[in-house]
Structures are given as C-alpha cells and as structure tokens.
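None of the values given here were measured: they were computed from a predicted structure. Along the sequence shown, the residues carry numbers beginning at 1.
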Amino acid sequence: MMPIPNSEIEISVPWGKISGKTWGDKSCSPILVLHGIQDNCGSFDRLIPLLPRAFYYVCIDLPGHGMSSHFPPGLPLEFINYVYSVKLVVDHLKWTKFKMIGHSLGAQITVFFSSLYPNFVEKAVLIDGITPIIIDVERTPSHLRSIYNNLQTLEKNILNKKPPSYTYEEALKRLISSRKTEISKESAECLIKRALAPSNDGYMFSSDQRLKLFLRPCLTMQQMKSIINCMVCKTLMIIAQDTYDLIDEVSEELYHERLKEFFSKNPHLKMYLVKGNHDVHMNFPQRVVPYVTAFLLEPNKSSL
C-alpha cells in the first residue's frame, strides 16, 4: 500500500490559489484527480493509496473547495470556469500527456477538458459522473433567471447571517447528515480535514456557498454532443448501483441511448456497475480499485 500523501501542492492563479496534494514519484506517469461538488481532494484519500504506484497522482481542491481560493464574489459560478482552472493547473505542472480521474462534478469536468484538449488526455476515469444535464432551448431564459434570482437570495442571506460555528464533532456530524447519499464516518473524516476554517469559538465550513446552487453547463443537446464527441481517449465509466437504480425503465433506456449518442465517436468507452452509492469510491474503495487499476495499466494502443 502506498504511503500517506507525500506532499501538499499550491498553485497561484489570478484570483488566488489552487491547493491540493500528491501521491507517488514525480518521475512517474502523471494522473490529475478531480473531486465532486462540495467535496475536496480528501475525497480520494482512501482510493489512491490502493491504486498502482507506477503513477504520480495530483489531486486538487477545485476553486471554492477545500483549501483553494473561491472565485471572485458577486457573480454566479460558471461550470466552464472550472474547466479553465484545470487548464491553468496543467499549464503550471507543464504536463502535455496525462491521465485523469474524476468523481461526479470532477467527472463532468474531466469529460469537457478531455474534449477540449484531446491531445493532452490519454485515459479518463469517470466515477458516477452520469451524463450532463441538458437545458431545452425554450427553457433557457427561465433557467438563467432562476440562477440569478437564487444567487441574489443566497447573497442576501449570507450578508444578514453570521456563519454558524461548530465544534469539530458537531461539524463532522453535520457533514455526514447533510450528504444526499450516505457516507461513512471514516470517509467524512477524510473530507473534513480540508472542509473547515477556524471561527471565533470553533469551526465553520469553508466551501463557497454558491456551490449550493445549480452548477452545470447551460448547453443544448446538440452543443453537448458536439463537445463530448471530441473526447477520443480511452474512457472508463464506473456507475454506482444505487445511482443506477434511481433510473426508471423508460429513462434507463433513454439514458443508454444518450450515452451512445454522446460517445458515438469514442470506440474506447468501457462501463461497469459497482455495488454502492454515489460515494462508493470513498465508502468502499476496494470495489472500485480492480476496474481502475486494470484500466490504468492497460497499454495505450492506437485504434488505427
């Protein structure tokens, strides 16, 4: 088993810094690792030590998460800015060929980055990312209006309320109870190390409150297909069984059809179901490890 993370990393960006941590030897083949929304790079503390030591893993706190700076205040968060922040990280690291692992929001960002920069990404692992949400053309005005109204309401609440303060144990319990899907105490302890900031009489959660609002690209089906069809690297999609079971018979069929449409030009897609919920990579990393390990170690062969 790989030792605990061997170093912290901090990258300067125009709005502040992007923080993270690394596992392994810098001389090894690099892998960029991206967590889900309102998580942080502690999301992979239990998975990465079980993966092959033949790679150098860099896991970042996305902007507004963990120890990374928030995007400038007063504006809605934009999905594409998270994709751009990954480009800044890659440029800083001077990587030109690497692999990516993403969970949930991190998987969505991985898809977009791999599509925009197909020459950079050799392989992509998508853990319970599902497919992006599509905004119907006729719903665009009402959708954008809703985003702006919700942001204004949120900012008024932030201005009028002092952030709640917790003891460590209270914060840990709140983190566990506030999850949409069940998370183990051990997994929560990995996340909370980077999720708190000191307050006058305890701790407060440090994540950007705007992350509670909608954060998806506002694109039509045609636009989404056009982008994702540019993703040509070998792709491993791992879907948690509990997530999959939420799909009824009709939407399950449509879901598979949409997958075929989105990845129609990518002949290298592999998809597996694993027992567990959305956070299976944290709660039961051993269930994910065999698929990810085999995929990462599989030789890069040209499709030609």
Any chance you could measure T96, atom OG1, to F98, atom CZ, to the nearest 0.5 Å? 9.0 Å

Could you check whether any side-chain N or O of S206 sits under 3.5 Å from a backbone N or O of A195, counting only pairs where one atom can act as donor and the other as acceptor? yes

Counterpart residues, side chain to side chain contact (heavy atoms under 4.5 Å, CB included), relative to L273 (two or more places apart): I239, Q241, Y244

Does E298 offer a backbone N or O that forms a donor-acceptor pair with the side chain of K123 under 3.5 Å? yes

Are the side chains of L213 and L151 in touch, meaning some heavy atoms are under 4.5 Å apart? yes

Just grab all the salt bridge (Lys or Arg N to Asp or Glu O under 4.0 Å) pairs involving residues 143-165, residues at least two apart or on different chains. none

Other residues, nucleotides and ligands only: do more than 12 of their heavy atoms fall within 6.0 Å of CD on Q286? yes

Donor-acceptor check, side chain of S68 to backbone of S19, threshold 3.5 angstrom: yes or no? yes

Within the distance-only criterion (no hydrogens, no angle test), does the side chain of N277 pair as donor or acceptor with the backbone N or O of D242 below 3.5 angstrom? no

Ring-ring centroid check W95 F120, cutoff 6.0 Å: no

Those residues that, when tested against H92, pass ring-ring contact (aromatic ring centres under 6.0 Å, His included) (two or more places apart): none

Can you run down the salt bridge (Lys or Arg N to Asp or Glu O under 4.0 Å) pairs that involve residues 80-97, sequence neighbours left out, and say none if there aren't any? K87-D91

Here the ring-ring contact (aromatic ring centres under 6.0 Å, His included) pairs for residues 144-167, sequence neighbours left out, are Y166-F205

Only one of D45, L50, V292 forms a side-chain contact (heavy atoms from CB on, under 4.5 Å) with P285, so which one is it? L50

With no hydrogens and no angle check, is any side-chain donor or acceptor of S226 less than 3.5 Å from a backbone partner on Q223? no

Tell me whether T235 contacts the main-chain N or O of C233 through its side chain, where contact means a donor paired with an acceptor under 3.5 Å. yes

Applying side chain to side chain contact (heavy atoms under 4.5 Å, CB included), name anything that partners S187, two or more places apart in sequence or on another chain. R46, I183, S184, M282, N283

Identify the residue among L51, I101, I48, V58 that makes a side-chain contact (heavy atoms from CB on, under 4.5 Å) with I31. I101

If we ignore hydrogens and angles and just use 3.5 Å, is the side chain of S114 paired with the main-chain N or O of V111 as donor and acceptor? no

Given side chain to side chain donor-acceptor pair (under 3.5 Å), test Q209 with K212 step by step and report yes or no. CA-CA 6 Å; Q209 294 300 296; K212 295 178 180 179; 2.7 Å; yes

Report the distance from atom CG of D208 to atom NE2 of H65, rounding to the nearest 0.5 Å. 8.0 Å

Is it the case that one hydrophobic cluster holds both I176 and Y168, taking links as side-chain heavy atoms less than 4.5 Å apart, direct or via other members? yes

Can you tell me how far apart OG (S115) and CD1 (I227) are? Round to the nearest 0.5 Å. 7.0 Å

For the aromatic rings, using the six-membered ring if either is Trp, is the centroid distance between F44 and H281 under 6.0 Å? yes

Any donor and acceptor pair, going by atom type alone, linking the side chain of N40 with main-chain N or O of L191 inside 3.5 Å? yes

Is it true that D61 and K17 make a salt bridge, defined as a side-chain N closer than 4.0 Å to a carboxylate O? no

Connected via hydrophobic side-chain network under 4.5 Å: F284 and V125: yes

Atom pair OG/CD1 of S69 and I11 - distance to nearest 0.5 Å: 12.0 Å

Quick one: CG on L215 to CD on Q108, what's the gap to the nearest 0.5 Å? 10.0 Å

What's the separation between atom OG in S146 and atom CZ in R139, rounded to the nearest 0.5 Å? 9.0 Å

Are the side chains of W23 and F55 in contact, using a 4.5 Å heavy-atom criterion? no

